[in-house]
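One structure below.
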Amino acid sequence: MSRRLDPRAAAAVAVVLVGGTLAAILVFGRLSYPSFPSLQERPDPSVPGLVAYLHWDERGDDGACLYVVPASGEEPPRSLRCGQELSGQPLWSGGEVAVDVHDRAGVRRLWLDPSSGEVVREEAARDGMGEPPRPLPQGSSSSAAAGELRTRSRDGRVELLLRRGGAEQAVATASGPRDYHWWSAAWSPDGRYALVTDSAQRLLVVRVADGLVRLLAEDAGEGVWGRAR
Amino acid sequence: MAARSLEEALDDLVAGGVLSAAQADAVRAAMAAEPTAAEPTAAEAAAPAADRGIHPAAEAAAWVGAVLAAAAGITAAAAFWADLTRWAQSALLGLTAAALLAAGVAVRDDARPPARRILGVVWFLAVGALGAAFVAGLSEQGADFSALPWTVAGAAATALAVPLWRLHPSGPQLTAVVASALATMLAALGHAERPPVELYGLLVWAAGAAVVVLAWGGLARPAGAGRLLGALIALAGAQALTFPYARWGVLLGVATVVGLLALGGVAGHVALTGVAAVALAVFVPQALHAFFPGSLNASGTLFLSGVALLAGALATIRRARRVHDVPERAPARAPEEES
């Protein structure tokens, strides 16, 4: 036996189904990324060193740009060099920042003065160049003694974990949408701060002592912490 | 005179006091089935039998030839497509839509079933071509996915699909309306700063469920096609939701299956019962995996899937047999129900 629903009731149910779901998605589905106090707005001179990162222009006009920003937030990020040929991840050594260049001539590594952006020296291609570099010894020996940092992300809950003496503890936590992640974590040169890159392409500075998280830069790739000369 | 379905006629007769509800049910039972996509329209029924006597093989050959010709055309166009400006691409697609619309108009008055099928398909393709014309015209070449062209294209396609469906309420036209409206809603959500992509499956599910309800109420015509289309969309939406939200998606899928089984039983929709039976075999293993991980090995999961499929198939057969058995008894019982 075929029974038919009242057309007006059917229309009402259909409107409620689609409209209600749409409204619920718009209200509850648009979880924003967690916000953190900005070091650019409130600089903290106690945070040492410089942070370098590459950021790829999504429209592809400029390729990637190499930025350097004081970790204290006392100056805005400065672009040192842009180009389609930039690749990999920046490196720090002796107060100079390096970036790999892929062009017709092959792979080279340019070392730049972080204050002026001038090329100080250039290295020819060698093994491993152009690939993501291995983690450099971050900071001083005190940081190594301070323990090993790692991030953990699950269902929008992110944590910065510190393993020390066989035990692991959460240094900082945050919550966001399910697709929110914290990627890398690296020690500051003085071993008191950690640099974290999140899935919103932001660089975050975490004070390890109390877990205070602050925003250093937006539209950023994975950051590398270095010492100022 | 516009074609009316049996359901509409019976409802009007009951509302007008000509028939009692029991008599209307008896007529439905005597007609042996609910209205389906295959139910002939009044125009089809009025067509002389000789006009409908086109051999299926001849029609199949015609369809294969049309598909081959279309594939050849698409292949040829692909060779120079990238060299065209986006406006030229848009114009070409717009002309294609217009040609398809005109082809449909040419066969619109032909009541023979093959002509009705051709009409349904070419108008369905016309809606798709119009949407593609808007996407091609509004998208920046080489740009990433942008929500605006898809939203405008979806709205334009919906604006064309709805009147075509009203003129020719067939399965392809209903599919065009639902698909274009759903595409418009999903594209509109893409305008958000951070589109809730992980919840798109929920909206797809709601749209599918709404189509089922509208078909149940006789608003999404043909009702049989509407029920099937809505059920498939709702199940696909639940499945899509399982990717970001495994447990919630599976729960929604199982609930949808239960709902379809219930609707199939209450309203006598055998096809819904069949779809739900297959979906049962899809969602039961996922439910076991999501809620009881590690408790079943592969063979156990396969066994349960098989049992679920078997149970669903038996339910479908039982439902089908009941529906077909009723007409023989109904005329004799109807007067008793009246007294």
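Chain naming here is simple, since letters A, B, ... match the order of the sequence lines and numbering starts at 1 in each.
With a threshold of 4.5 angstrom between heavy atoms, Leu219(B) approaches chain A through side-chain atoms but not through N, CA, C or O.
Looking at heavy atoms from C-beta onward, Leu189(B) lies in side-chain contact with Leu26(A) at the 4.5 angstrom threshold.
Counting heavy atoms of neighbouring residues, nucleotides and ligands inside a 6.0 Å radius, atom CD of Glu218(A) does not exceed 12 of them. The environment of CH2 in Trp248(B) is sparse: at most 12 heavy-atom neighbours from other residues, nucleotides or ligands sit within 6.0 Å. Residue Glu41(A) places its CD atom among 12 or fewer non-hydrogen atoms of other residues, nucleotides or ligands, all under 6.0 Å distant. Environment of CZ in Arg150(A): crowded, with over 12 heavy atoms of neighbouring residues, nucleotides or ligands closer than 6.0 Å.
Among residues at least two apart or in separate chains, side chain to side chain donor-acceptor pair (under 3.5 Å) pairs with a member in residues 231-241 of chain B are Gln239(B)-Thr242(B), Gln239(B)-Gln286(B).
Between Val18(A) and Leu203(B), the shortest heavy-atom contact is O-CD1, 4.4 Å.
For a heavy-atom cut-off of 4.5 Å, chain A lies close to Trp205(B), Ala206(B), Ala207(B), Ala209(B), Ala210(B), Val213(B), Leu214(B) in residues 205-214 of chain B.
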